[in-house]
Number of protein chains: 2
Amino acid sequence: MRREFKKNPKVLLIDDNYEHLAGIRELLNLEGTFDVVGIATNVTVGLNLIKKYQPDIVLLDMNMPERDGLQGILEISKLGLDTKVLALSGYDDADLIFRAMKIGAKGYVLKTMASAQLIYAIEEVINGKIYLPLALSSRFFEYFQKSFKEEVAKKEADADEENLLDELTQREEEVLELLTQGITYKGVASKLFISETTVKTHVNNIFQKLQVNDRTQAVLYAINNGFLTKKVRISA
Amino acid sequence: MRREFKKNPKVLLIDDNYEHLAGIRELLNLEGTFDVVGIATNVTVGLNLIKKYQPDIVLLDMNMPERDGLQGILEISKLGLDTKVLALSGYDDADLIFRAMKIGAKGYVLKTMASAQLIYAIEEVINGKIYLPLALSSRFFEYFQKSFKEEVAKKEADADEENLLDELTQREEEVLELLTQGITYKGVASKLFISETTVKTHVNNIFQKLQVNDRTQAVLYAINNGFLTKKVRISA
DNA sequence: CGATTTATCGACCGAATGGTCTATATCTTT
DNA sequence: AAAGATATAGACCATTCGGTCGATAAATCG
């Protein structure tokens, strides 16, 4: 038996640029510590190869026509194997990086990066880590914070501006909650053990306090102002 | 004038551990390229100092009693100055890191890290970059992906299960969209230049397709099944 | 204690809603 | 050409909705 004692990790490459594909294969073969078990120039073929060889890691180009890289990540993860995906891209598009990481890519490297860094990234990912070069993680975090900036600003504004929902009495909240389930006045009356007239009185008060004219608008206001999620709201 | 030609960046420290506070001040003074303009052992005092000295960067301890670090970040950002916040913590708590970065911390370093790395982090942040050491960004990404895992899984499930909204014809969608704004039949009729009877016919068809009995339930179904965000939905 | 808020209820009324049945004109699909 | 889906519309009717006025009782607040 002339085999290595330590089995090499299986690597699969997907990239629509065949030259680049061949280049990486060559690089990894020279390195000698990886087995490139397959290459594909599109996701469809790649998926079949993954099913067949169950590689430890897939280097997946993000910038491909038709079925793009993001979709590819999702479909690979849908296979249910524990194949890791290392995203490859020619550009440091923050949005692309963000979305790729969000849906489960274990790393993201640029094609322009040095071979040594690519090797390192592959090793890290295979070892169960997540690897994003400093330059890219920087872009990622800018985008990440930007995408949450509105949310944070809104939360601050929400805290400042008085919520009309706070004007409601307990009983009115109960009525509103039932209204948001599309229950009729008669139904609300029987659920709360009060008369239909009383329900109507409460509803009228609710409308005035929320400054709306009908139940649909009241329900919309309630939803948009966190009435349903009120009790489960996060602090920061 | 014996002043330096290049003005040193102003640094402010907030940490409830006074010894640690003094230690960092000493370190930065020795370094000679920073001006420590103030120190505070709680956020309240710190905020006043920030208002007074408008530092370029604040080193803010995350693990403080009472008003905690996260709240501190929010309040500093609320001041509207462009003071950057570098979070300090004794532990690599993924949740804390995630939330701190989410609400706008420009970096996050552990107290156990080497002085040189702290200096480097401060410099990076002052230069407008976001700095997260590899070890912490790794933790961050694990947490990040975990928190999106459910969302992704749900999105896949959503794609599988047929959405009753897809049964609607174009015209019915238009009608439903107006219904979700709480517009009356008469109003919908005039907006779509059709008779009220026709609106009612469409509405009836909508109810049957969505398996509901009234407009409130229809609106709720629409919202819960992404009707309003349908056109702006992200692909992956 | 008097004033205010809150919760309850009745009666009356007009407008809006929802259901059903029928019917016509287009347009697509088989 | 026949069948099916779609958009349009009228007639009729019961129910629901929303508004208004007034009224009682309990609780709270100053």
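Given the structure is predicted, the values throughout are model-derived calculations rather than measurements. Chain naming here is simple, since letters A, B, ... match the order of the sequence lines and numbering starts at 1 in each.
Here dT17(C) presents its C1' atom at 9 Å from CG of Asp214(B), a figure rounded to the nearest Å. In this structure, CG of Leu192(A) is placed 15 Å from C1' of dT6(C), rounded to the nearest angstrom. One interatomic measurement links the two molecules: NZ of Lys200(A) to P of dA11(C), which rounds to 12 Å at whole-angstrom precision. Atom CD in Gln217(A) sits about 13 Å away from atom C1' in dA16(C), given to the nearest Å. A straight line from CD of Glu173(A) to P of dT6(C) spans 12 Å, rounded to a whole angstrom. Rounded to whole Å, the distance from CG on Leu176(A) to C1' on dT6(C) is 17 Å. Atom CD1 in Ile194(B) sits about 18 Å away from atom P in dT26(C), given to the nearest Å.
Here Thr197(B) lies in heavy-atom contact (under 4.0 Å) with a base. Residue Thr184(A) is classed as a sugar-phosphate contact, given heavy-atom separations below 4.0 Å to backbone atoms only. Nucleic acid contact class of Asn205(A) (heavy atoms, under 4.0 Å, all strands): none. Base engagement by Thr198(A) is indicated by at least one non-hydrogen atom pair under 4.0 Å involving a base atom. Lys186(A) comes within 4.0 angstrom of the backbone, heavy atoms only, and of no base.
Mapping heavy-atom proximity under 4.0 Å, the span of DNA chain D touched by chain A runs 5' to 3' from dT16(D) to dT20(D).
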Stepwise side-chain hydrogen bond (donor to acceptor under 3.5 Å, both in side chains) check, Asp95(B) with Tyr143(B): CA-CA 7 Å; Asp95(B) 181 61; Tyr143(B) 190 89; 2.4 Å; yes
Please evaluate residues Leu136(A) and Leu110(A) with respect to the criterion side chain to side chain contact (heavy atoms under 4.5 Å, CB included), reporting the C-alpha separation (whole Å), side-chain torsions for both, the decisive distance (0.1 Å), and the verdict. CA-CA 9 Å; Leu136(A) 296 189; Leu110(A) 294 183; 4.0 Å; yes
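At dA16(C), none of the side-chain N or O atoms of Arg215(B) fall inside 4.0 Å of OP1 or OP2 (strictly under the cut-off). Between Tyr185(B) and the phosphate of dA15(C), there is no side-chain N or O to OP1/OP2 separation shorter than 4.0 Å.
Nearest-nucleotide assignment on DNA chain D puts the 5′-proximal partner with Thr201(B), out of Thr201(B) and Ile183(A).
How far OH of Tyr53(A) is from CG of Asp35(A): 11.5 Å, rounded to the nearest 0.5 Å.
Checking Thr41(B) against Asp16(B) by side-chain atom types alone, no donor-acceptor pair falls below 3.5 Å. Of the N and O atoms on the side chains of Ser195(B) and Thr198(B), at least one donor lies less than 3.5 Å from an acceptor on the other residue.
Between dC9(C), dT6(C), dG18(C), one nucleotide has an atom nearer to the side chain of Asn204(B) than all others, and that is dG18(C).
Counting heavy atoms from C-beta outward, Ile103(A) and Phe148(B) have side chains that stay 4.5 Å or more apart.
In terms of modelled atom types and a separation under 3.5 Å, the side chain of Thr184(B) and the main chain of Gly187(B) share no donor-acceptor contact.
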